[in-house]
Enquirer: 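I am attaching a structure below and will ask some questions about it afterwards.
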Amino acid sequence: MKKYLSLILLFVVFFARCKKESSDIPDQDSIRLSGIDTINDSLKWSSELQTWTIMGFLFSQAKLVSYPGSPNPDITVETDGTLANIILQSNNYKNSFYLAGEFGNATLAEQAFDSLTSPTILQWAAKADSLKANQIWVYRSGTNHYAKLRIVNTFSKTASPNNYAECVFEWVYQPDGTLTFPGK
């Protein structure tokens with residue numbers, strides 16, 4: 001009898017520990033898969049990393065994260081130094097951006113964004129160059145997960161010691177690795 005009780009106790013402890021460890025992993029259902037967010041290229045000092053960092057956006061966790069950092073962001077924003085050109089970049093060493101369309105106003109861009117469910121990618125680009133409001137981009141991560149982005153607004157200004165760029169974007173992330181997004 002003691003043997004059976006010991007075995008049962010061992011199983012209870014084992015399963016309780018397994019449950020605790022698995023609860024430490026973020027539940028994909030609790031992470032938002034869409035939203036409107038803003039990124040900029042302001043440098044911030046990280047006392048933890050002992051270096052200057054920039055905040056970018058990580059779609060898989062739906063939040064701003066620092067670059068450098070762990071994990072690194074999927075996208076960051078910058079200017080080319082002229083203020084006329086705002087750029088989204090990735091840190092995954094592959095061509096990751098596709099311009100799916102440019103629209104004359106926000107209403108047309110929103111409609112196209114909402115109805116973009118299965119884009120056909122002709123050729124990926126290394127960066128999202130010449131960002132403007134009412135553009136729609138498709139992003140491919142280093143792990144071949146996808147997001148669609150609608151550029152809501154961009155802003156740049158001369159600042160010291162570096163110029164400043166900002167991008168407001170609406171996004172939908174596809175965590176299952178397919179290039180199919182839900183429609184509205």
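Sequential numbering from 1 along the given sequence is applied to the chain's residues.
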Enquirer: Listing request: all salt bridge (Lys or Arg N to Asp or Glu O under 4.0 Å) pairs with a residue in residues 39-58, at least two apart in sequence or in separate chains.
Expert: none
Enquirer: Do Asp37 and Leu64 touch side chain to side chain, with heavy atoms closer than 4.5 Å?
Expert: no
Enquirer: Measure across Asp74 and Ser60 and return the closest heavy-atom pair with its distance rounded to 0.1 Å.
Expert: OD2-N, 4.1 Å
Enquirer: Which pairs of donor and acceptor atoms, one on a side chain in residues 145-153, lie under 3.5 Å apart (sequence neighbours left out)?
Expert:
unit_1: His145; atom_1: ND1; unit_2: Thr143; atom_2: O; d: 3.2
unit_1: His145; atom_1: ND1; unit_2: Thr143; atom_2: OG1; d: 2.9
unit_1: His145; atom_1: NE2; unit_2: Pro175; atom_2: O; d: 3.1
unit_1: Lys148; atom_1: NZ; unit_2: Phe113; atom_2: O; d: 2.6
unit_1: Lys148; atom_1: NZ; unit_2: Leu116; atom_2: O; d: 2.9
unit_1: Arg150; atom_1: NE; unit_2: Glu170; atom_2: OE1; d: 2.9
unit_1: Arg150; atom_1: NH2; unit_2: Glu170; atom_2: OE1; d: 2.9

Enquirer: Would you please name every residue forming a side-chain hydrogen bond (donor to acceptor under 3.5 Å, both in side chains) with Asn105, sequence neighbours left out?
Expert: none
Enquirer: Between Pro119 and Leu179, is there a side-chain heavy-atom distance shorter than 4.5 Å?
Expert: yes
Enquirer: Go through it in stages, so that I can follow the logic: the residues are Phe169 and Ile75, the test is side chain to side chain contact (heavy atoms under 4.5 Å, CB included), and I'd like the CA-CA distance, side-chain angles, deciding distance and then a yes or no.
Expert: CA-CA 11 Å; Phe169 58 99; Ile75 60 172; 4.0 Å; yes
Enquirer: Evaluate the side-chain proximity of Leu88 to Ile39: yes if any heavy-atom separation is below 4.5 Å, no if none is.
Expert: yes
Enquirer: Side chains of Gln111 and Leu108: does their closest heavy-atom pair fall under 4.5 Å?
Expert: yes
Enquirer: Run the side chain to side chain contact (heavy atoms under 4.5 Å, CB included) test against Ser70 and tell me which residues pass, sequence neighbours left out.
Expert: none
Enquirer: Should Ile86 and Phe103 be regarded as members of a common hydrophobic cluster, given that ILVMFWY residues are connected when their side-chain heavy atoms come within less than 4.5 Å of each other, either directly or indirectly?
Expert: no
Enquirer: Kindly give the heavy-atom pair with the smallest separation between Pro68 and Thr53, and that separation in Å.
Expert: O-CG2, 3.9 Å
Enquirer: Under the ring-ring contact (aromatic ring centres under 6.0 Å, His included) definition, can you give me all pairs with a residue in residues 35-55, not counting sequence neighbours?
Expert: Trp45-Trp52
Enquirer: For the residue pair Gln174 and Asp176, establish whether any side-chain heavy-atom pair is separated by less than 4.5 Å.
Expert: yes
Enquirer: Which heavy atom in Ile136 sits nearest to a heavy atom in Ala109, and how many Å separate them?
Expert: CD1-O, 3.5 Å
Enquirer: Pairs in or reaching into residues 58-83: which pass ring-ring contact (aromatic ring centres under 6.0 Å, His included), with residues at least two apart or in two chains?
Expert: Phe57-Phe59, Phe59-Tyr139, Phe59-Trp171
Enquirer: Residues sharing Val65's hydrophobic cluster, by side-chain heavy-atom contacts under 4.5 Å among ILVMFWY, directly or via others?
Expert: Leu58
Enquirer: Heavy atoms only: give me the nearest Ala106-Asn134 pair and the separation to one decimal.
Expert: CA-OD1, 3.1 Å
Enquirer: Taking side-chain hydrogen bond (donor to acceptor under 3.5 Å, both in side chains) as the definition, give me every residue that meets it alongside Ser34, ordered by chain and number, with sequence neighbours left out.
Expert: none
Enquirer: Let me check something: any side-chain donor-acceptor pairs from residues 120-131 under 3.5 Å, sequence neighbours excluded? List them with distances.
Expert:
unit_1: Asp129; atom_1: OD1; unit_2: Asn85; atom_2: ND2; d: 2.6
unit_1: Ser130; atom_1: OG; unit_2: Asn85; atom_2: OD1; d: 3.4

Enquirer: Using the salt bridge (Lys or Arg N to Asp or Glu O under 4.0 Å) rule, collect all pairs that involve residues 83-111, keeping only residues at least two apart or in two chains.
Expert: none
Enquirer: Looking at CG of Asn40 and OG1 of Thr76, how far apart are the two atoms once the value is rounded to the nearest 0.5 Å?
Expert: 11.0 Å
Enquirer: Kindly say whether Gly69 contributes a backbone atom to a donor-acceptor pair with the side chain of Ser66 at under 3.5 angstrom?
Expert: no
Enquirer: Between atom OG of Ser141 and atom CG of Asn91, what is the distance when rounded to the nearest 0.5 Å?
Expert: 12.0 Å
Enquirer: What closest approach, in Å, do Thr79 and Ala165 show between heavy atoms, and which atom pair accounts for it?
Expert: CG2-CB, 3.2 Å
Enquirer: Suppose we screen for side-chain hydrogen bond (donor to acceptor under 3.5 Å, both in side chains). Which residues come up paired with Thr38, at least two apart in sequence or across chains?
Expert: none
Enquirer: If we ignore hydrogens and angles and just use 3.5 Å, is the side chain of Ser96 paired with the main-chain N or O of Arg140 as donor and acceptor?
Expert: yes
Enquirer: Given a cutoff of under 4.5 Å between side-chain heavy atoms of I, L, V, M, F, W and Y, with clusters grown through shared members, what are the other residues clustered with Phe155?
Expert: Tyr164
